[in-house]
Asker: 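Have a look at this one before I ask anything.
All heavy atoms count here, side chains included; hydrogens, waters and symmetry mates do not.
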Amino acid sequence: MSDQSATRASICSASISGAQAPPSSSRTVIDLRRQGRAHERKGSPMAGCDAMMSPDHKRPHASSPSTQPGPSRYTEPLGVTEPKRGRPLLHGDRFIPQRSAMNMDVSHFELTRAHQNENAGVNASPAKEEYKRELAANLFAGNASNKVLTFRRFPAPLSRTPGGAFDESSLRVLYTQNRDAGMLHKRYSRHIPQAPERILDAPELLDDYYLNLLDWNSSNVLGVALGDSIYLWNATDGSIQQLMQTQGDQAHVTSLSWAQEGSYMAVGTSDHKVQIWDVQKLRQVRCMLGHRARVSSLSWNGPLVSSGGRDSLVLHHDVRVAEHRVGTLRGHTQEVCGLKWSPSGNQLASGGNDNILNIWDDRYTSSAHGMCEHPLFRLDQHQAAVKALAWCPWQRHLLASGGGTADRMIRFWNSSTGACLNAVDTHSQVCALQWARHNKELVSSHGYSHNQLILWKYPSMVKVAELTGHTSRVLHMAQSPDGTTVVTAAADETLRFWKILSGGEASKKERAAAKESILNSMSIR
């Protein structure tokens, strides 16, 4: 080995192990030690030695010319120049990730986030993705996309004094930033009770998914069908009275619906009849025929009442005229179990046991004999019976529909275009849907296998609350006229009242009272 190679090897070993270097190159060794320590702060000490040596001089060569040792600096073969006073040292190009600066949980989440949601393709929506971005930005300190490898340390913690306390200057910044936090306007958070406000027994309530046996009118009277009878419960004074009872062997009530003004009720029976009852006088005023099987769904639109039956037909009845049958809709092949008119009265949604959702307009009025076989939109995305239907009261052309056990989906539709806006897998049979009247929220009741109520925030479809209590599937649901309470009827033969919705003006009074109580508690006595 030549003298030049031997000197180079001794310099590298001295910079790593701290051994004494030959006197002729003492000044160079000291500079290399400094640069080695700089690379130790960056990563491994070997990285500093590798960076100082060029690739062509990492191994000694026998053919290298020998040089005489002397007082001159040894710089040219290594490619390292002595740093001048006042100039920063040059570092190598190797970046070593630091574990102390890495959050392993966040890194694992970033690597596996694509496989977390099994229904990512179904439930994806712009609103939901925006919610996820906002949530990640708050959880990850404003940086929602975290790198898996980190090459710098976290910011240094607050400095401490020799006595162990935090430095006053560093704490001054912290308190200055949080000085006005207590004066900011606090967002009102509504309390959602997890238990029902009231429970009523409902003996002989039929356990049939395809029937509609519950409705709440504008006069605060609840109607419920129990077997062959209909009972009225006045929510104002708590009084109960029987409205009617079917005649004939094995005849029973299969559907009911209040008129908009609340003084008349349409009743569907298992013997193919649609009856109109005057609730004030407790007597029947009309009985209309036309179906060839039980009448399982009803919906009012002014003086027009529409009925859907097991014969797969939807009939329009005008209760003002003797010839009541003014329209017939043929768009289903099995029982029509869901029927709802839009708030504007221009469109009718019908859901059937054939997994079809149809949206109808008034084209039946211009056809011969009022017959229409082609709906405005025929939607077949559901994979089970479509019973749960609800029109949004504060957004036009927005329809929500829910599927049965084999489907479990809540879908949102634009009724003017027929487009599916969003779909959410509830993991349970969807029995009924109700839109909140004063907030952008939706309530769904479920059957197999969870038997619960879910309060959703729209359009993000985030679960606000999940309410349990029923021991069997929650078949029917209705909303109070003030929009604060929903009542549910389940196969466990109970009615449960849940005060979980915001009530508009009543909610404003509650917020004002809560704010006043907070101000009183903060006053100095």
Asker: Scan side-chain atoms only and decide if H316 and S306 contain a donor-acceptor pair under the 3.5 Å cut-off.
Answerer: yes

Asker: Under a 3.5 Å cutoff, is there a donor and acceptor pairing between the side chains of E335 and S296?
Answerer: yes

Asker: Okay, side chain of T484, backbone of K499: is any donor-acceptor separation there less than 3.5 Å?
Answerer: no

Asker: Return the set of residues passing ring pair (Phe, Tyr, Trp, His ring centres under 6.0 Å) with H324 (not counting sequence neighbours), or none when no residue passes.
Answerer: H317

Asker: Can you confirm whether L501 sits close enough to V443 that some side-chain heavy atom of one is under 4.5 Å from a side-chain heavy atom of the other?
Answerer: yes

Asker: Rounded to the nearest 0.5 Å, what separation is found between the NZ atom of K440 and the CH2 atom of W435?
Answerer: 10.0 Å

Asker: Does any donor atom in the side chain of H332 or D354 lie under 3.5 Å from an acceptor atom in the other side chain?
Answerer: yes

Asker: For a quick check under 3.5 Å, do D228 and Q245 share a side-chain donor-acceptor pair by atom type?
Answerer: yes

Asker: Donor-acceptor pairs under 3.5 Å, side chain of residues 388-397 to any protein atom, not counting sequence neighbours: which ones?
Answerer:
{"unit_1": "W391", "atom_1": "NE1", "unit_2": "K340", "atom_2": "O", "d": "3.1"}
{"unit_1": "W394", "atom_1": "NE1", "unit_2": "A436", "atom_2": "O", "d": "2.9"}
{"unit_1": "W394", "atom_1": "NE1", "unit_2": "N439", "atom_2": "O", "d": "3.3"}
{"unit_1": "H397", "atom_1": "ND1", "unit_2": "S415", "atom_2": "OG", "d": "3.4"}

Asker: Kindly say whether G268 contributes a backbone atom to a donor-acceptor pair with the side chain of T254 at under 3.5 angstrom?
Answerer: yes

Asker: Run the side-chain contact (heavy atoms from CB on, under 4.5 Å) test on F377 and W413 for me, step by step, so that the C-alpha distance in whole Å, both residues' side-chain angles and the decisive distance to 0.1 Å come before the verdict.
Answerer: CA-CA 11 Å; F377 297 107; W413 309 90; over 6 Å; no

Asker: Give a yes or no answer on whether the side chain of D215 reaches the backbone of L256 with a donor-acceptor pair at less than 3.5 Å.
Answerer: no

Asker: Just checking, any donor-acceptor pair under 3.5 angstrom between side chains of S307 and H291?
Answerer: yes

Asker: Indicate yes or no for a side-chain donor-acceptor contact from K387 to the backbone of L211 under 3.5 Å, with no hydrogens or angles considered.
Answerer: yes

Asker: For a side-chain hydrogen bond (donor to acceptor under 3.5 Å, both in side chains) check, start with the C-alpha distance between W498 and T485, then their side-chain angles and the critical distance, and finish with the verdict.
Answerer: CA-CA 5 Å; W498 312 83; T485 305; over 6 Å; no

Asker: Is a side-chain N or O of T269 found less than 3.5 angstrom from the main chain of H252, in a donor-acceptor match?
Answerer: no

Asker: Taking the side chain as everything from C-beta on, heavy atoms only, tell me whether R473 gets closer than 4.5 Å to Y209.
Answerer: yes

Asker: Is any side-chain heavy atom of M265 closer than 4.5 Å to one of L232?
Answerer: yes

Asker: Can you confirm whether K463 sits close enough to L455 that some side-chain heavy atom of one is under 4.5 Å from a side-chain heavy atom of the other?
Answerer: no

Asker: For the rings on W258 and Y264, is their centre-to-centre separation under 6.0 Å?
Answerer: no

Asker: Under 3.5 Å, is there a donor-acceptor pair between the H470 and N451 side chains?
Answerer: no

Asker: Is the closest side-chain heavy-atom distance between I454 and L467 below 4.5 Å?
Answerer: no

Asker: Does R363 have more than 12 heavy atoms from other residues, nucleotides or ligands lying within 6.0 Å of its CZ?
Answerer: yes

Asker: Please determine whether side-chain contact (heavy atoms from CB on, under 4.5 Å) holds for the pair N422 and M461, giving the CA-CA distance in whole Å, both sets of side-chain angles, and the decisive distance to 0.1 Å.
Answerer: CA-CA 9 Å; N422 194 7; M461 290 309 290; 4.0 Å; yes

Asker: Report the C-alpha separation of H476 and C431 in whole Å, then their side-chain angles, then the decisive distance to 0.1 Å, and conclude whether the side-chain contact (heavy atoms from CB on, under 4.5 Å) test is met.
Answerer: CA-CA 7 Å; H476 315 289; C431 299; over 6 Å; no

Asker: Just so I know, are the side chains of Q250 and S270 near enough to count as touching, which here means a heavy-atom distance under 4.5 Å?
Answerer: no

Asker: With sequence neighbours excluded, tell me which residues meet ring pair (Phe, Tyr, Trp, His ring centres under 6.0 Å) with Y210.
Answerer: none

Asker: When you compare the side chain of V386 with that of I356, does any pair of heavy atoms fall below 4.5 Å?
Answerer: no

Asker: Classify the side-chain pair T328/R325 by whether it contains a donor and acceptor separated by less than 3.5 Å.
Answerer: yes

Asker: Could you walk me through whether Q383 and D407 pass the side-chain hydrogen bond (donor to acceptor under 3.5 Å, both in side chains) test, one step at a time?
Answerer: CA-CA 5 Å; Q383 304 300 316; D407 182 68; 5.3 Å; no

Asker: We want to know whether N220 and T236 form a side-chain donor-acceptor pair, criterion being a heavy-atom distance below 3.5 angstrom.
Answerer: yes

Asker: Would you call D278 and R283 a salt bridge, taking side-chain N to carboxylate O under 4.0 Å as the test?
Answerer: no

Asker: Determine whether R411 and V424 satisfy the following criterion, side-chain contact (heavy atoms from CB on, under 4.5 Å), listing intermediate values before the conclusion.
Answerer: CA-CA 7 Å; R411 294 184 178 273; V424 177; over 6 Å; no

Asker: State, with a plain yes or no, whether a side-chain heavy atom of W300 is found less than 4.5 Å away from one of V319.
Answerer: yes

Asker: Does any donor atom in the side chain of H446 or S444 lie under 3.5 Å from an acceptor atom in the other side chain?
Answerer: yes

Asker: Using salt bridge (charged side-chain N to carboxylate O under 4.0 Å, His left out), reason through R294 and D208 one step at a time and then give a plain yes or no.
Answerer: CA-CA 13 Å; R294 71 178 186 181; D208 193 330; 3.0 Å; yes

Asker: Answer yes or no: is there a donor N or O on one side and an acceptor on the other, between the side chain of S445 and the main chain of A432, under 3.5 Å?
Answerer: yes

Asker: So how far is it from N355 CG to T333 OG1, rounded to the nearest 0.5 Å?
Answerer: 8.5 Å

Asker: Under 6.0 Å from the CD atom of E204, do we count more than 12 heavy atoms belonging to anything else shown?
Answerer: no

